[in-house]
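Please read the structure below before turning to the comments.
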2 protein chains.
Amino acid sequence: MKRVHIFNAGPTVLPLEVLQEVQKDLVDYKGKGLSVMEMSHRSVEYQGIIDNAVASVKRLLNIGDDYEVLFLQGGASTQFYMIPLNFCPDGKVANYVDTGAWSAKAIKEAKNIGKDVHVAASSKDKDYTFIPKELSISENAAYVHITSNNTIRGTEYHIDPNIPADIPLIADMSSDIMSKPFDVKKYSLIYAGAQKNIGPAGTTLVIIKKDFLKTANINLPTMMAYKTHADKGSMFNTPPTFAIYVVGKVLKWIEDKGGLEGFAKINQEKASYLYNIFDSSDFYKGTVVKEDRSLMNIPFRLPTEELEKKFIAEATAKDMIGLKGHRSVGGCRASVYNSLPLESAKALSEFMVEFEKNNK
Amino acid sequence: MKRVHIFNAGPTVLPLEVLQEVQKDLVDYKGKGLSVMEMSHRSVEYQGIIDNAVASVKRLLNIGDDYEVLFLQGGASTQFYMIPLNFCPDGKVANYVDTGAWSAKAIKEAKNIGKDVHVAASSKDKDYTFIPKELSISENAAYVHITSNNTIRGTEYHIDPNIPADIPLIADMSSDIMSKPFDVKKYSLIYAGAQKNIGPAGTTLVIIKKDFLKTANINLPTMMAYKTHADKGSMFNTPPTFAIYVVGKVLKWIEDKGGLEGFAKINQEKASYLYNIFDSSDFYKGTVVKEDRSLMNIPFRLPTEELEKKFIAEATAKDMIGLKGHRSVGGCRASVYNSLPLESAKALSEFMVEFEKNNK
C-alpha cells in the first residue's frame, strides 16, 4: 500500500487507522450484513452511529445539554446565509470581523439578504496578515461573527476575541475546530465544514447554544431554519449518513489520542517544524505576523515564483502533495491539520532544508 | 461475509460489486497513495471522478450540452425551496400535482416563501392511491411540478404528464430516476436525492435545461442560486466528494448492466414477483390502483396489524430488512430499487407465500 504526505487545505488527510477501519467495515458493517451507506437513517443501528458522533463532540468540547450539536449539509457557505437569516432580525446589526476571503463571503451573504452589516474590525489594509484585536462593535449588535482560522492567509485566533458577554459570538471554525482546547461557553454558535480537521467533505458541524437558538427567526424556509434540524436531531430529512459516520470515527480517534489538550501539543510541534525554518532562513518567508500564525495552515513564499514552482514539483515527486498556495494568493501553503502525522511535517521540513541548500 | 436483503426506502442497498470496489480502493485509491476522501476537490484526480459521473448521467439519459448536470447538497427538501425561489417570479403561478407527502412538502415550501401556488391535480381525496391524469393548469404558470414516484404511497407515473410544450415541467425523481428510459427532453428540471436509485445519501442530482436556467432569478443567496453551481461545475464550494464518487460508480454499473432499457426489464420482473402475489391472494393487499403501481416502492397490507408485525419480525429474522411501511401510513413496504438483486425480490416473494400458508 502506498501512502503520500497530504498537505491539502481540505478535503485532506484522514487518520490511517480510521481509513483502515472504514475499509474493513465497508461492505459488511460489524457483521450486520450491510454497509453503513445502505442503512436507513431511521434504523436503530444508524441512530447509534450519529448519537456517538454527537456524544464525542460534547465530550471533546466539554459541553452539555445547553448546546445543540447538529450535522447539516451545504458547507460553511450555506451557514453564511443561514446565520443572518436566523439571527439578525430587523433593527439589529450583524457585526463581522473581516480577516480574509471567508469572512468577506460571510459578510457578502448577510448584505445580500438585506441585513444591516457592520465590520467591527478588519485586517484588509495590511493584506490580511494579522488578526485585528480591537473591535468597534455597533449599537444593536445581533451578533459578532469571526473566522477563527483563515485557511487561505494562515492567520488564527489564539485568544478568544474580547466582546461584551451580552453580545452573541459566532465563529466559523472550519479549519481549526478540535485542534486545541477553547472555551465553548463564550460562543453562541460555532460551525465547521468537516473536511479539514474532523472528517470527509459532505457534512457541516453546527453547535448552537439552546438559549440562543430560542431567539431565532422561525418563519423561514424549512431547511434554512436551525430549529428544523434541532427539533429532529439532524434527521428532518435524510442526513449525509456516511460522512457523519466517518466524522464520528475521526472524533473518537481524537479522543483516544489525547483529546484537544493532546492535539494542541502535537499541532504546536508539527507547525514548529515549518515555522522554525522561516525563522532561521531568508529563503522561506512566512506571510503572517508571528503572534497570529496559524497552527493549521502555513503559507510561505520562496525568493521567486519560478523557485516556488520548482519546489512544488520536487515535493510532489517526493510524494508530498497539496503544497500549492490558494489560487487567490499564490505561493506555497502547507496545511497541517490534526490528522497529519508528525512524520509528514518532519519530512516536509527536511525537504525544505535540502531544497534551500540546492537552490540558494 | 454476511449480506442481508435490503428493502429500505432509502438510504438502501447498493450493488455489491460497487461496494467491493469502493472497499478495495478506500485507503489507497488506484495506487495514488490516498483515499478519495482525502483528495482535494481541486485536484486533477478528483476532477476526473466528477467528470465521469456527469458523463454517465448524460449517456444514460441521452442528453447533451443543452442540459446542466449538477451534484448539490441538502436533499430534495432543499430543492423544494430552491425551485420556486429560482423559477417562480412575481406574477407567475407555481403549479403542482399533489400525489402525496413529498408533493405536499414541495407545495408547502413554495407557499412558505410567498409564491402564488396552484394545485393542478391531486389524488388526496382518494388517499393518494392513484396518479391523476387530468391537469387543470393555471394561467401564467411558471412551471408544473410533479413527483414522478411516490416513495411512501407506491404510485408512479408510467407516462409523462401531458402538459403544453411551452410550460416548463419539473420533476422530483428521487425514487425512480435511472430505473427506466424516459424522455428527458420533456423536462426543464429534474432532481433526485441519490440515496434511493443511484448511490449513498449526501448528494442530490440536479439536471437543468440550460435555456430554462437562463430564466432563473439570480439575485439570490449565493448557495440557493442554481447559476452559482452551474457556473462552477458543482464546485462553487467543496462538494460532497465521496458521495459523488460512489454515485459515479453506481451509474457506471447501471451502464455496464444494460442501461435504462435493461433495468426497466429487470425492475419489471422484480416488481412482478410481489405484484403477482397480490393479484392471486386475498391475504396481501396492494394499496394502489393497478395502472399506477410503482416498480420501486411496493406498499401492502396484511389482514391485521398484528399479522403485519409478525410478518416484519419473521422477515427480519430471515435477513430481509426494511419492510416496515412509512410511519405515516403503516403496513408493509418493499422498496425494490435498481440495486436490489433479483434474488432478494425472489426470496421475499417465497417468504410471503410461505407466511400466508402458515398464517391464513
Side-chain angles (χ1 to χ4, degrees), chain A residues 1-4 6 8-14 16 19-20 22-23 26-28 31-35 37-41 43 73-78 80-81 85 105 108-109 112-113 193 195 199-203 220-224 236-243 246 319 321-322 327, chain B residues 1-4 6 8-14 16 19-20 22-23 26-28 31-35 37-43 73-78 80-81 85 105 108-109 112-113 193 195 199-203 220-224 236-243 246 319 321-322:
Chain A
M1 193 199 70
K2 188 179 163 180
R3 186 86 180 136
V4 299
I6 304 168
N8 292 337
T12 188
V13 61
L14 292 169
L16 182 59
L19 288 175
Q20 286 169 333
V22 170
Q23 180 175 46
L26 200 281
V27 177
D28 178 10
K32 300 285 173 189
L34 79 174
S35 174
M37 284 187 263
E38 301 177 302
M39 285 180 187
S40 169
H41 57 300
S43 64
Q73 292 190 62
S77 296
T78 300
F80 298 161
Y81 167 43
L85 189 71
K105 284 187 181 214
K108 187 185 157 204
E109 285 309 298
N112 207 4
I113 57 169
Q195 69 273 13
T203 190
L220 297 177
T222 309
M223 287 294 286
M224 297 300 117
F236 169 75
N237 69 334
T238 312
T241 51
F242 192 76
V246 181
D319 289 335
I321 70 163
R327 60 200 181 284
Chain B
M1 193 199 70
K2 188 179 163 180
R3 186 85 180 138
V4 298
I6 304 168
N8 292 336
T12 189
V13 61
L14 293 168
L16 181 59
L19 288 175
Q20 286 169 333
V22 170
Q23 180 174 46
L26 200 281
V27 178
D28 178 10
K32 300 286 174 187
L34 79 173
S35 174
M37 285 187 263
E38 301 177 303
M39 285 179 187
S40 169
H41 57 301
R42 307 283 178 205
S43 64
Q73 292 190 63
S77 296
T78 300
F80 298 162
Y81 167 43
L85 189 71
K105 285 188 181 210
K108 188 185 157 203
E109 285 309 299
N112 208 3
I113 57 169
Q195 69 273 13
T203 190
L220 297 177
T222 309
M223 287 294 286
M224 297 299 118
F236 169 75
N237 70 334
T238 313
T241 51
F242 192 76
V246 181
D319 289 335
I321 69 162

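Keep in mind it's a predicted model, so treat the numbers as computed, not measured. Letters A, B, ... are given to chains in the order of the sequence lines, protein chains preceding strands, and every chain is numbered from 1.
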**Asked** Side chain, backbone, both or neither: which part of Q23(A) has a heavy atom under 4.5 Å from chain B?
**Response** both

**Complete:** Highest number of heavy-atom pairs under 4.5 Å with chain B among L26(A), I6(A), T203(A) belongs to L26(A)

**Item:** Smallest separation among heavy atoms of N237(B) and S77(A), with atom names
**Value:** CB-OG, 3.5 Å

**Message:** How close do P200(B) and M37(A) get, counting heavy atoms only, and between which atoms?
**Reply:** CB-SD, 3.8 Å

**Prompt:** At a heavy-atom separation under 4.5 Å, does Q20(A) approach chain B through its side chain, its backbone, both, or neither?
**Reply:** both

**Complete:** Rounded to the nearest 0.5 Å, the CZ atom of R3(A) sits from the OG atom of S35(B) at a distance of 8.0 Å

**Complete:** In terms of heavy-atom contacts, E38(B) and L14(A) come closest through OE2-N, 2.7 Å

**Asked** Any idea which of A201(A), G199(A), G10(A), A243(A) has the most non-hydrogen atom pairs under 4.5 angstrom with chain B?
**Response** A201(A)

**Complete:** Heavy-atom closest pair (P11(B) atom, H41(A) atom, distance to 0.1 Å) is CD-ND1, 3.4 Å

**Item:** Which portion of K105(A) sits near chain B, non-hydrogen atoms under 4.5 angstrom
**Value:** side chain

**Complete:** Residue from P239(B), G31(B), S43(B) scoring the most non-hydrogen pairs under 4.5 Å with chain A is G31(B)

**Message:** Out of N112(A), T238(A), D28(A), V246(A), return the one with the most heavy atom pairs under 4.5 angstrom to chain B.
**Reply:** D28(A)

**Item:** Atom of P221(A), atom of I113(B) and distance for their closest heavy-atom approach
**Value:** CG-CG2, 3.9 Å

**Prompt:** Looking at V27(B), V22(B), L85(B), D319(B), which has the largest count of heavy-atom pairs under 4.5 Å with chain A?
**Reply:** V27(B)

**Request:** Under 4.5 Å, counting heavy-atom pairs only, tell me which of L220(B), T241(B), V13(B) racks up the most with chain A.
**Result:** V13(B)

**Message:** So which residue, K32(A), E109(A), K108(A), M1(A), ends up with the most heavy-atom pairs under 4.5 Å with chain B?
**Reply:** E109(A)

**Asked** Is any side-chain heavy atom of I321(B) closer than 4.5 Å to a side-chain heavy atom of L34(A)?
**Response** yes

**Item:** Part of M39(A) within contact of chain B (heavy atom distance under 4.5 Å)
**Value:** backbone

**Item:** Where M223(A) and T78(B) come nearest, the two heavy atoms and their spacing
**Value:** CE-OG1, 3.4 Å

